Amino acid sequence: MYIGRVKGTVVSTIKHALYEGRKLMLVARLNLDGSETSAYDICIDDVQAGVGDVVLVLDEGSSARQVIRKRGTGPVRAVIVGIVEEVTLTR
Amino acid sequence: MYIGRVKGTVVSTIKHALYEGRKLMLVARLNLDGSETSAYDICIDDVQAGVGDVVLVLDEGSSARQVIRKRGTGPVRAVIVGIVEEVTLTR
Amino acid sequence: MYIGRVKGTVVSTIKHALYEGRKLMLVARLNLDGSETSAYDICIDDVQAGVGDVVLVLDEGSSARQVIRKRGTGPVRAVIVGIVEEVTLTR
Amino acid sequence: MYIGRVKGTVVSTIKHALYEGRKLMLVARLNLDGSETSAYDICIDDVQAGVGDVVLVLDEGSSARQVIRKRGTGPVRAVIVGIVEEVTLTR
Amino acid sequence: MYIGRVKGTVVSTIKHALYEGRKLMLVARLNLDGSETSAYDICIDDVQAGVGDVVLVLDEGSSARQVIRKRGTGPVRAVIVGIVEEVTLTR
C-alpha cells in the first residue's frame, strides 16, 4: 500500500460488470514528505473518496480483488481502501 | 491501470491460440499531464483501438486474463480495456 | 524481502477484518549501506516493531498473506516479518 | 511483454527439470526507438532465438509458465515467445 | 531472473518454519557489464552460495516457492538458484 492524493477522474469505454456504475479515480503516489511523485494509478474507489483527498491505495491485484468482491475475482489491480486521517513521522 | 497512447503495432512469430488473429499494440505510458514516458507495454487489444488513441491499459496478468478469456487463463499480461473519453484533473 | 526502517504510522478509515486492531507502519526502504531511499511501503506489523527499528519487509502479496493468516487470504501486500539484528557486508 | 535484443547466454549450476537442456538467454530490454535500456532478463527461450535477434519477451510468471508447460507450473518468470519481424511506429 | 553478487548476510528475528536453519543472503543485482546496481534482494539460498559469488536469482514468488518446496507454498519471494559459471555477451 502507498499514500496517494486523488487528482481527478477518468471516463472511458471500459465495459465489464465490475466497472458498471463505478468512477475511475486518478491517484498520484505521494512521497513520505507529502509531495507528489510522477507515479499514479487508475483506481476503483471503495470508500467514497473525493478529489483532493489523501488516501490509502492497495496496489496488488489479489488484494484489490478481495476488497472489491467477496469471491476475489475481477479485473482490478488498484483500489482506494481508506481515507488517511493522520500520518505520524519520526525523523 | 494506466493511461497510454497507442504508438504502433508489432508483427512477430509468436504462436499461441490466444494470439491468433490478434494484433499486438505498442502502447506508451502517459504521465498525468498527457506527456509520454519511455515506459511501454505490448498489449492485446480488447476494444478495437487505433494508432494514436488514448487508452486504458490493464497491466496485471490475472486481471488481463479475466478480460480476455472467461476462464481466466492464457499467457497475457497487458490488455487495452477501454478508450479514454475524458480525463478531469484538479490541481 | 528488503531491509527497511520504520518511520512512523498511518491512521485511516480502512475497514477490513484483517486490519482491525492493527497498526499500519510506514517503512522506508534502505540501501545496502543503510541510507534511506525514497521508496516506502505501508506495512502490517507481525513482530511488534517500533519506530526507528530496522526491519525485514516481505513485499509480495502471496507471501505476506501466508505470514499473516494461515489460510493465506486477506488484502495485504507488505508485512514486517522480523527485526534486523545484524547485517554483515563484504566489499 | 516488451521488445528485447538477445545479448548472450549464461551457464550456471541451476538444477531443475525445467532447465535441463535449455539455454538461458540474456535479453536487454529495448526502448520504442530500438535503443537498449540497462534493464534485462535472463530468459528461457521458446522459439530458437539467436544472439542479436530482436524478440518478444513475456515477463510475467503465470504467463511464462503457461507457455513453457501445459500444466502451467515451473519456476520460470521470463520467456522469449517470438521473433519480432516488424515494428510499425507512428509519431 | 537476474545475475547478482552475494554481498553479505542478514540475521533477524524472523520466525517461520521455512526460515529455520537457513541463512538470509544479501544479493546485489548486477548490470550486464558486471557492475553492481543499487538494487538488491534478501534471498534464501538454495545452492550453498558464498559471499562474493556471482549467482542467478529467481525473483518471483510463485517460482521461488516451487524451488524451495515441492508443494509450492511458503512466504518467500527471491531465491538463489544457481552459481553463474560463465556469461557470454556479444556486442
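Residue numbers start from 1 in every chain, and the chains themselves are labelled A, B, ... in the order their sequence lines are given, proteins ahead of strands. In this text the structure is predicted, and so the values were computed from the model without any measurement.
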For the atom pair CD1 (E:Ile14) and NE2 (E:His16), what is the distance rounded to the nearest 0.5 Å? 8.0 Å
OG1 of E:Thr9 to NZ of E:Lys7: how many Å apart, nearest 0.5 Å? 12.5 Å
With a 4.5 angstrom heavy-atom cut-off, could you sort out which part of E:Ile80 is near chain D: side chain, backbone, both or neither? neither
Chain D shares the most heavy-atom pairs under 4.5 Å, among E:Thr90, E:Val84, E:Val87, with E:Thr90
Of the listed residues (D:Gly61, D:Gly74, D:Ala64), which shares the most heavy-atom pairs with chain E below a 4.5 Å separation? D:Gly74
Determine whether E:Glu85 and D:Ser12 make a side-chain contact, defined as any pair of heavy atoms from C-beta on separated by less than 4.5 Å. no
At a heavy-atom separation under 4.5 Å, does D:Ser62 approach chain E through its side chain, its backbone, both, or neither? backbone
Is it the backbone or the side chain of D:Arg5 that comes under 4.5 Å from a heavy atom of chain E, or both, or neither? neither
Beyond-backbone contact of D:Tyr19 with E:Val81, side-chain heavy atoms, under 4.5 angstrom: no
Please confirm whether the backbone N or O of D:Gly8 pairs with a side-chain atom of E:Thr88, one donor and one acceptor, at under 3.5 Å? no
Using a heavy-atom cutoff of under 4.5 Å, enumerate the residues of residues 22-60 of chain E that contact chain D, numbered in order, or state 'none'. E:Leu30, E:Asn31, E:Leu32, E:Leu56, E:Leu58, E:Asp59, E:Glu60
Check whether any side-chain heavy atom of D:Arg65 lies under 4.5 Å from a side-chain heavy atom of E:Ser63, and answer yes or no. yes
